[in-house]
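This report refers to the structure that appears directly beneath it.
Residues take their numbers from the sequence shown, with the count starting at 1.
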Amino acid sequence: MSVAMTSCGAAGWVTDRHGYRYDRRDPASGSPWPPIPEIFRDLAGAAAAEAGFPGFRPDACLINRYEPGARMSLHQDRDEQDFENPIVSVSLGLPAIFLFGGLKRSDKPNRYRLEHGDVVVWGGRARLFFHGVAPLADGEHGLLGRQRINLTFRRAR
């Protein structure tokens with residue numbers, strides 16, 4: 001992983017000498033993560049409902065910032081307590097190539113170009129599919145400059 005990250009919501013994603021996990025506190029400040037803005041929570045819930053997952057109410061929003069060259073290797077989101085809830089991903093800024101595979105890391109992923117404002121929802125049988133982001137190409141976005149911001153909404157607890 002080569003992205004800068006932070007979180008908002010009741011649970012945030014942290015990594016330290018103990019590994020990766022959700023935690024109620026920001027390790028940099030020791031304070032609880034800031035709440036998810038209601039407009040973000042509403043967007044995630046509406047997108048999930050449109051994709052066939054009504055009632056989704058995220059309690060975690062992972063915020064990743066990609067600069068040119070940054071990438072996210074293929075991985076599964078397996079640290080949430082309930083896999084019945086979908087993942088909702090919102091792309092902002094530079095376009096990115098989203099890699100979406102299958103249940104095995106060795107499954108060849110499909111490649112999808114995500115533009116500013118694109119929203120992806122996956123759940124059900126696809127909830128544990130391996131996914132990632134190819135190295136971000138250089139470019140300039142009119143609002144965000146040389147970066148991509150990704151908001152990933154989950155129900156962690």
Side-chain angles (χ1 to χ4, degrees), residues 1-29 31-48 51 56-81 83 85-101 105 109-123 126-157:
M1 184 170 72
S2 57
V3 303
M5 70 180 178
T6 190
S7 297
C8 60
W13 189 244
V14 300
T15 179
D16 59 19
R17 68 180 189 270
H18 302 293
Y20 296 100
R21 69 185 180 288
Y22 285 102
D23 198 292
R24 295 191 178 280
R25 297 193 172 274
D26 177 346
S29 69
S31 299
W33 297 101
I36 298 174
E38 201 60 35
I39 193 167
F40 285 9
R41 193 183 309 271
D42 291 347
L43 170 69
F56 176 61
R57 190 121 171 102
D59 64 356
C61 175
L62 284 57
I63 305 164
N64 292 324
R65 183 174 57 84
Y66 296 75
E67 292 181 336
R71 62 188 285 275
M72 179 90 53
S73 62
L74 289 175
H75 65 282
Q76 292 175 303
D77 295 331
R78 300 188 63 87
D79 294 290
E80 296 76 25
Q81 291 181 2
F83 297 149
N85 287 290
I87 303 290
V88 177
S89 174
V90 178
S91 292
L92 303 170
L94 289 175
I97 302 299
F98 181 62
L99 308 170
F100 197 69
R105 185 183 302 274
N110 292 306
R111 298 169 63 89
Y112 300 96
R113 182 180 170 95
L114 299 180
E115 302 279 347
H116 178 77
D118 283 346
V119 178
V120 178
V121 179
W122 67 97
R127 171 63 176 73
L128 292 175
F129 280 13
F130 279 86
H131 57 281
V133 177
L136 190 69
D138 201 359
E140 184 78 25
H141 185 268
L143 294 173
L144 295 178
R146 296 181 66 235
Q147 65 181 341
R148 170 183 188 254
I149 305 292
N150 178 252
L151 308 174
T152 307
F153 297 92
R154 299 131 186 267
R155 184 88 194 152
R157 300 182 183 254

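Residues passing the ring pair (Phe, Tyr, Trp, His ring centres under 6.0 Å) test with Trp33: none are found, sequence neighbours excluded. Looking at residues two or more places apart in sequence or on another chain, you find a side chain to side chain contact (heavy atoms under 4.5 Å, CB included) between Arg105 and Leu74, Phe130.
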Exercise for review: Dump the intermediate steps for side-chain contact (heavy atoms from CB on, under 4.5 Å) on His131 and Phe98, then the final yes or no.
Suggested key: CA-CA 7 Å; His131 57 281; Phe98 181 62; 3.8 Å; yes

Exercise for review: Apply side-chain hydrogen bond (donor to acceptor under 3.5 Å, both in side chains) to the pair Tyr22 and Arg154, showing each step before the final yes or no.
Suggested key: CA-CA 11 Å; Tyr22 285 102; Arg154 299 131 186 267; 3.3 Å; yes

Exercise for review: Start with the C-alpha gap between Asp26 and Ser7, add the side-chain angles, then the distance that decides, and say whether side-chain hydrogen bond (donor to acceptor under 3.5 Å, both in side chains) holds.
Suggested key: CA-CA 8 Å; Asp26 177 346; Ser7 297; over 6 Å; no

Check your understanding: Can you check side-chain contact (heavy atoms from CB on, under 4.5 Å) on Leu92 and Leu144, steps first, answer last?
Key -> CA-CA 8 Å; Leu92 303 170; Leu144 295 178; 3.8 Å; yes

Review point. Can you check side-chain contact (heavy atoms from CB on, under 4.5 Å) on Cys8 and Ile63, steps first, answer last?
Key: CA-CA 8 Å; Cys8 60; Ile63 305 164; 4.1 Å; yes

Practice item. Mind running side-chain contact (heavy atoms from CB on, under 4.5 Å) on Leu128 and Arg78 for me, showing each step along the way? Key: CA-CA 7 Å; Leu128 292 175; Arg78 300 188 63 87; 3.6 Å; yes

Compile the donor-acceptor pairs under 3.5 Å between side chains in residues 38-46 and protein atoms, sequence neighbours left out, one pair per line.
| from | atom 1 | to | atom 2 | distance (Å) |
| --- | --- | --- | --- | --- |
| Glu38 | OE2 | Arg57 | NH1 | 3.3 |
| Glu38 | OE2 | Arg57 | NH2 | 3.4 |
| Arg41 | NH1 | Pro58 | O | 2.4 |

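Of the inter-residue distances, the one linking Asp77 atom CG with Leu62 atom CG reads 8.0 Å to the nearest 0.5 angstrom. Taken from CH2 in Trp13 to CG in Asp23, the straight-line distance is 11.0 Å, to the nearest 0.5 Å. With values rounded to the nearest 0.5 angstrom, Leu136 atom CG is found 9.5 Å from Glu67 atom CD. For the atom pair CZ of Arg65 and OG1 of Thr6, the computed distance is 11.0 Å after rounding to the nearest 0.5 Å.
Residues Leu94 and Gln147 fail the side-chain proximity criterion, which asks for heavy atoms closer than 4.5 Å. Contact annotation: the side chain of Phe153 approaches that of Leu151 to within less than 4.5 Å [non-hydrogen atoms, C-beta and beyond]. Side-chain contact between Tyr66 and Met72: present, with at least one pair of heavy atoms (C-beta onward) separated by less than 4.5 Å. Residues Phe56 and Val121 form no side-chain contact, since every pair of their non-hydrogen atoms from C-beta on lies 4.5 Å or further apart. In this structure the side chain of Pro135 never reaches within 4.5 angstrom of the side chain of Pro68, judged on heavy atoms. Side-chain contact between His116 and Leu143 is present, with heavy atoms from C-beta onward closer than 4.5 Å. Residues Asp138 and Arg146 meet the side-chain proximity criterion, which asks for heavy atoms closer than 4.5 Å. The closest side-chain heavy-atom distance from Val14 to Arg21 is below 4.5 Å.
Each of Arg127, Arg157, Arg155 was scored for a salt bridge (Lys or Arg N to Asp or Glu O under 4.0 Å) with Glu80, with one residue passing: Arg127.
The closest donor-acceptor contact from the side chain of His141 to the backbone of Arg148 lies at 3.5 Å or more, if one exists at all. Judged by distance alone, the side chain of His75 and the main-chain N or O of Ser73 form a donor-acceptor pair under 3.5 Å. The main-chain N or O of Tyr20 is never found under 3.5 Å from a side-chain atom of Thr15 such that the two would form a donor-acceptor pair.
Taking 4.0 Å as the cut-off between side-chain N and carboxylate O, Asp118 and Arg113 do not count as a salt-bridged pair.
Taking every heavy atom of both residues into account, Ala156 and Asp59 meet most closely at N-OD1, 2.6 Å. In terms of heavy-atom proximity, Asn150 sits nearest to Ser91 at ND2-OG, 4.0 Å. The minimum heavy-atom distance linking Arg71 with Ala134 is given by the pair CB-C, 4.0 Å. Across Val119 and Ala47, no two heavy atoms sit closer than the pair CG1-CB, 3.8 Å. Looking at every heavy atom in both residues, Ala48 comes nearest to Val88 through CB-CG2, 4.1 Å. Closest non-hydrogen pair, Val3 versus Ala70, comes out as CG1-CB, 4.2 Å.
Looking at Arg25 and Ser31, their side chains never bring a donor and an acceptor atom within 3.5 Å of each other.
Aromatic pair Trp122/Phe129: ring centres not closer than 6.0 Å.
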